There are 2 protein chains.
Amino acid sequence: MAIRNPLPLTSNDTVCCAPVTEQALSSQDAADIAPVFAALGDPVRLQLFSLIAASEESCSCDLEGPVQRSQPTVSHHTKILADAGLIMGDKRGRWVWWRVNPVRLAAVRRVLGEVPTP
Amino acid sequence: MAIRNPLPLTSNDTVCCAPVTEQALSSQDAADIAPVFAALGDPVRLQLFSLIAASEESCSCDLEGPVQRSQPTVSHHTKILADAGLIMGDKRGRWVWWRVNPVRLAAVRRVLGEVPTP
DNA sequence: ATCTCCTATTGACAATCATCGATATGTTGC
DNA sequence: GCAACATATCGATGATTGTCAATAGGAGAT
C-alpha cells in the first residue's frame with residue numbers, strides 16, 4: 001500500500017508550492033498536483049473520500065453500498081485515491097481499513113490558498 | 001459568460017455541504033461538486049487557474065504562452081474553469097479578462113474541511 | 001489442506017476528453 | 001466598408017477513463 005508522490009512533501013511536511021493566490025504554478029508543479037485534484041474529480045471517488053474522511057476509519061466493505069458500484073470498481077477508485085496520497089490503507093486480517101492522510105489534505109487546501117492558521 | 005452552478009451556493013454565500021471531514025457527501029452532492037475538482041484536475045487548467053489567481057486579472061492572450069497550448073485549447077480550458085464557477089470572464093474590447101471567483105474558491109476549500117476563519 | 005470471505009488485478013468496451021486546424025463571431029481602427 | 005486582431009465554435013482524432021465480469025491473491029476458520 002505504498003504511496004507515490006504526485007504532490008511532493010518535504011520532510012517537514014510543508015508543500016512544494018506557494019498557494020495559487022500568491023504565485024502561479026510552473027508547468028511541472030501543475031503536472032505534479034493536478035492528479036490529486038483529478039482524484040477528487042470523479043463523483044464516485046469524491047463520495048468515497050468523504051465517507052472515509054467523515055469517520056476515523058472505513059472498511060472497504062462499508063464503501064460499496066453508498067456508492068452503488070461493484071467491488072472491482074471501488075477497489076479501482078480507492079487505489080487512485082491512495083496513489084494520489086489522499087488516503088492510506090491498512091490491511092488488518094481480511095479487511096482493509098482506509099483513513100485520510102491529513103498532511104496531504106492540508107497540502108491541497110494550502111495550494112488553494114488557505115489562510116495559514118496562526 | 002454565464003456561470004452554471006455545479007457547486008450550489010445559497011444567496012448568503014454559504015455552501016451546500018458540510019466539510020467532508022465532518023459529514024460524508026450524498027451521491028447527489030458529490031456529483032454536483034466533483035466537476036469543480038475535475039476542472040482543477042487537468043495540468044493545463046490547474047496552471048491556467050494559478051496564473052489567473054496569482055494576478056488580479058489576466059488576459060487570455062497572456063495565458064497561451066505559459067501553458068504552451070494553441071488558442072482553441074486555451075479557450076476550451078478557460079470555458080471549463082468558468083463553467084465550474086472557478087473563474088469569471090469580463091470582455092472588454094477585444095480582450096477577455098479573467099479573474100478568480102473568490103466565493104467559489106472559498107467554497108471548495110471549505111468542502112475540503114478548512115477551519116473557518118474566526 | 002480445504003473452504004470461505006475480502007481485496008486486487010486483468011481484459012474488454014463504451015464514453016469522455018485533450019488537442020489542434022479550420023472557420024465563425026465580434027471588436028477596433030482606418 | 002474593410003483589414004487586422006482576439007476569442008469562440010466546429011469537426012476530427014488519438015488518448016484516457018469508468019465500469020464490470022472473470023479471475024487471482026491472501027487471510028482466517030474448521
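Note that the coordinates shown come from a computational prediction; the quantities given were computed from them, not determined experimentally. What you see below is based on every heavy atom in this structure, not just the backbone, and it leaves out hydrogens, waters and symmetry mates.
Near DNA chain C, meaning a heavy atom under 4.0 Å away, the residues from residues 47-70 of chain B are B:Arg69, B:Ser70.
Toward the 5' end of DNA chain D, the nearer of the two residues A:Arg45 and B:Thr78, judged by each one's closest nucleotide, is B:Thr78.
B:Ile80 shares a hydrophobic cluster with no other residue; no ILVMFWY side chain has heavy atoms under 4.5 Å from its own.
When the P atom of C:dA18 is taken as reference, atom CG of B:Leu40 falls 12 Å away, rounded to whole Å. Here D:dA8 presents its P atom at 11 Å from CG of B:Asp83, a figure rounded to the nearest Å. One interatomic measurement links the two molecules: CH2 of B:Trp97 to P of D:dA6, which rounds to 12 Å at whole-angstrom precision. As rounded to whole Å, 18 Å separates atom P of D:dT16 from atom CG of A:Asp42. Atom CD1 of B:Ile80 is separated from atom P of D:dA8 by 13 Å (rounded to the nearest Å).
Residues passing the salt bridge (charged side-chain N to carboxylate O under 4.0 Å, His left out) test with B:Glu64, sequence neighbours excluded: none. Remark: B:Ala54 engages A:Ala24 in a side-chain contact (heavy atoms from CB on, under 4.5 Å) (not counting sequence neighbours). Shown here are the side-chain contact (heavy atoms from CB on, under 4.5 Å) partners of B:Thr73, two or more places apart in sequence or in another chain: B:Arg69, B:Ser70, B:His77. With sequence neighbours left out, A:Cys59 forms a side-chain contact (heavy atoms from CB on, under 4.5 Å) with A:Cys61, A:Asp62, A:Trp95, A:Trp97. In this structure B:Ser58 satisfies the side-chain hydrogen bond (donor to acceptor under 3.5 Å, both in side chains) test together with B:Ser55, sequence neighbours excluded. Partners of A:Gln28 under the side-chain hydrogen bond (donor to acceptor under 3.5 Å, both in side chains) rule, at least two apart in sequence or in another chain, are A:Asp32. Not counting sequence neighbours, B:Ser75 has no partner by the side-chain hydrogen bond (donor to acceptor under 3.5 Å, both in side chains) test. A search for side-chain contact (heavy atoms from CB on, under 4.5 Å) contacts involving B:Glu22 returns B:Ala18, B:Pro19, not counting sequence neighbours.
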So which protein nitrogen or oxygen atoms get under 3.5 Å of nucleotides 23-30 of chain D's nitrogens or oxygens?
none

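Remark: B:Ser75 is in phosphate contact with D:dA8, judged by side-chain N or O atoms under 4.0 Å from OP1 or OP2. One finds a side-chain N or O of B:His76 lying less than 4.0 angstrom from the OP1 or OP2 phosphate oxygen of C:dA18.
Five base pairs at each end of the helix from C:dA1-D:dT30 to C:dC30-D:dG1 define two local axes, and these are offset by 30° (rounded to 10°).
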Audit row: B:Leu51, B:Val67, side-chain contact (heavy atoms from CB on, under 4.5 Å) steps and yes/no: CA-CA 10 Å; B:Leu51 286 162; B:Val67 302; 4.3 Å; yes
Worked verdict on A:Val111 versus A:Val36 for side-chain contact (heavy atoms from CB on, under 4.5 Å): CA-CA 11 Å; A:Val111 168; A:Val36 181; over 6 Å; no
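If you check every strand for non-hydrogen atoms under 4.0 Å, B:Val44 touches sugar and phosphate atoms only.
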